[in-house]
Amino acid sequence: MDQHYNFSKIEKKWQNYWEENNTFKTTEDKNKEKYYLLEMFPYPSGKLHMGHVRNYSIGDVISRYMTMRGKNVLHPMGWDSFGLPAENAAIKNHVHPNIWTWKNIEEMRQQLKMLGLSYDWDREIATCHPDYYKWMQWIFIQFFNKGLAYKKKNPVNWCPSCQTVLANEQVVDGCCERCHTLVGKKELEQWYLKITEYADRLLKELDLLEGWPEKVKIMQRNWIGKSEGAEVDFKIAGSDKTLCVFTTRPDTLFGVTYMVLAPEHPYVKELVSEECSKDVEEFLDKLQYMSEIERTSTTLEKEGVFIGSYAINPLTGKEVPIYIANYVLMDYGTGAIMAVPAHDQRDFEFAKKYNLDIVPVVDPGDPEIDLYNLKEAFEADGTMINSGTFNGMNSRKAIKDITAYLEEKGLGKAAVNYRLRDWLISRQRYWGTPIPMLHCEKCGWVPEKIENLPVLLPTDVEFTGKGESPLTTSKSFKKALCPKCGGEATRETDTMDTFLDSSWYYLRYTDAQNKDEVWDKEKAKYWMPVDQYIGGVEHAILHLLYARFFNKFLYDLGYSPCIEPFTNLLTQGMVLKDGAKMSKSKGNVVSPEEIIKKYGADTARLFILFASPPEKELEWSDTGVEGSYRFLSRVYRLVHELSDTIKDATDSYVVETSQDRELNYVLNTTIKKVTDDLGNRFNFNTAISAIMVLVNELYRYKSESVLNKGLLRHAIKCLILILSPFTPHICEEMWQHIGHDSTLYHERWPEYDEAALVRDETEIAIQINGKVKERIMVTSGLSKDEFLEEALQNETVKALLDGKNVIKIIPVPDKLLNIVVK
RNA sequence: GCGGUUGUGGCGGAAUAGGCAGACGCGCACGGUUGAGGGCCGUGUCCGAGAGGGUAAGGGUUCAAGUCCCUUCAACCGCACCA
């Protein structure tokens, strides 16, 4: 052991040791309790950023801790390696995405290894590898065979810059999630996955996820957006058509005074009267020129036009006019609504503007509200009025009764609507998994035969960055034979959204190298579910919802053993510098490489874990990093200086002096605290601060004239062990130095001694009316009565009580004594 | 607009089930070691001379409130005409 803390030498040495000795290799072991720890795998941009370092440092601490607790830990790593940047690089620099991506993977793997992370690299996967995407295609075909993958022509979100379609989830504020370009609409035939089929389970089974942050569950609930209500059929006057609407308020059916269609509704063209056609066309024209955000903005004034037809209220038989308006959306419900201006604020505003009738049907029973001269819509519950036989009924009950009545008369039915849409998965891109489908004139869409998988990405393609998928430029790819009839067929040239690749990788890790099947079900059964998943909140909706969906589908097929894939979820906070997210444009990026070079990986890890609790934002601080480095040097020096003293000490020792007792007390409370913070709370910052307290105490103890070598040796051993999950390299080095010849990775986590946690005497506060006046020492661990008795004997307490009118004394053993006086 | 999170020294943060606010670290100041600097070691560091005051602001419950309840404000995040 060098005299000074030579981190670069130490870190290289132990990284090599771990690699050569396969220290982190994991296999199924039925005799041990498994623990599956997963951090979200990165996109291989080529450069690690601080967010990665934080994510993987958190994971590594948990992984190493769980291993020391005797768990069989699965801790894998891989690459989410399909995606746009590779293709953009190809267009810009004329490098093939494959070459670009694999070079990045190499570089990033090196950087990850430099952090000393305990991954089982034998399980490494890359989604762009044919061995992986073969099974992606296989899964897609399972979806297709179950009727859950289908192709449909629809107006879709189109990013003019990326030249590809986007899922609804990938449109943020009307802009492309990736490049922030304004997204438009385009009519295209695309592949969809029927995630809506699973909407109810995705919603309900969130309740099983007790180990997830409430915030994430709420976001998913809102995203799925379940509404219960009814579908009601309105006949159209002078036509044999019926107009179906969805409403959550069937109780207000008697208050319908007009109907509204979304401008894109197919009925518009058919129902528009001649007199109105000019107005309607002008209105549609106007909307054409509006962007998606403008059109759907809540602040936009509600506008519309009458189309010249009338619908018949199924309960009253009354005719009401049909409008089209900008506030009704084609892609929710049926794209048409019944308008009840008295009880819906949007309808109210529209009715006011166009002088439409406002008929109240729910009475709030509030004298302040003038029902026939409403200032705003009344949306709450009340008593039914103007509603025929339902009058006098509570509106809550009327929802049920009117729905039942509609069902009975065949005029409508109870219905549930979701905000969640089916998942559009086709992308007009090269660097993704080819959709393994062929189109045959005779047989329609046919999946590729399983034995022919993978459908490989062709290499003879051009990257123009424009229009259709680059796969169409391949000479060999498109033309193929129909797997069903053997006739001529055309291959699908679109590729899959990369979110599909990351929706099942956690299952593949359980049997990552399997060539014959997607994974061995027995292995998946041993490892799944993931016990702890760690990643950024930015994946709260997209990735986590898709992954849950895939897992449920695979569960239904018998391939996943669990209903939910991730038992516990930790969403780590962002890394900030000067109060803002690190970004090139702001010029506040601190590169991990630079920090590792200057201070070492252990310091980087320690700082990141110490500066903030994991779910919170972390403010980067250069001086803070130096502090962490200083601490590690201090620990290193301590062990170095004491190594001679403790070398030949025995493992048994007796705690004798009061100094011994103090050290023993601090040691054991520290072990308890760190155990608790790591095992139950993931509060790494307070765990580290506790270890710092122990180190301070050891420095103090070291300066004593008489040292208890056995105790000291034990304390140093424990210190190294409890610090090792945070900073493994330096701890391995010190562990070796105090006389061990193999890795501490498989050492058992130290136990604490309950008896040592109690000091003979405890300092307590004496309060008068809740204000601290004095502090005294009393015997520890007394009962309330004993404590009170002893405290009252105390001279200081007696003096404080003297001459006072004491009302009450509240004893809190080992904490305080509150004297209430008047 | 709806939903959520957060608010504590000069700074990052601690206080886990209502019981001594400010652990631990950074910064700063002073002292020691040193030719000097750095490094290291030690001491101090919420405000106030003091009584006392103090956890975004105001109110409440309690013997006791950063923690519980009500009102307000600010910052951040998510969704947003969802019928």
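Order of the sequence lines sets the chain letters (A, B, ...), proteins ahead of strands, with each chain counted from 1.
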Whole angstroms only, please: what is the OH-P distance between Y699(A) and rC24(B)? 17 Å
Within residues 667-679 of chain A, residues whose heavy atoms come under 4.0 Å of RNA chain B: K673(A), D676(A)
Classify the side-chain pair N417(A)/S227(A) by whether it contains a donor and acceptor separated by less than 3.5 Å. no
With syn defined as a glycosidic torsion within 90 degrees of 0 and anti otherwise, which applies to rG9(B)? syn
Do N222(A) side-chain and rC79(B) base share a donor-acceptor contact under 3.5 Å? no
I'd like the P distance from rG60(B) over to rA51(B), given in whole Å. 27 Å
Taking atom types as they are modelled, is there a donor-acceptor pair under 3.5 Å from the base of rC63(B) to the side chain of K808(A)? no
Ring centroids only, cut at 6.0 angstrom: are F610(A) and F631(A) within range, meaning strictly under it? no
How does RNA chain B look in dot-bracket notation if pairs are Watson-Crick or G-U with both distances under 3.5 Å, crossing ones as [ ], other-strand ones as |? (((((((..(((......[....)))(((((((.....)))))))((....))..(((((..]....))))))))))))....
Nearest of rC40(B), rG13(B), rC24(B) to any side-chain atom of R630(A)? rC40(B)
Any chance you could list the contact pattern along nucleotides 4-9 of chain B? Use B for base contacts, S for sugar-phosphate-only contacts and - for none, protein heavy atoms under 4.0 Å, 5' to 3'. S-----
Y258(A) and F350(A): aromatic ring centres closer than 6.0 Å? yes
Nearest-neighbour nucleotide for the V820(A) side chain, rC81(B), rC26(B), rC63(B) considered: rC63(B)
Taking only the side-chain heavy atoms of Y332(A) (C-beta and beyond), determine which of rC24(B), rC82(B), rC63(B) contains the nearest atom. rC82(B)
Quick check for you: among rC79(B), rC24(B), rC81(B), whose closest atom lies nearest to any side-chain atom of R419(A)? rC79(B)
For the residue pair E231(A) and T334(A), confirm or rule out a side-chain donor-acceptor distance under 3.5 Å. no
If you assign R634(A) and V772(A) each to the RNA chain B nucleotide with the nearest heavy atom, which residue ends up on the more 5' nucleotide? V772(A)
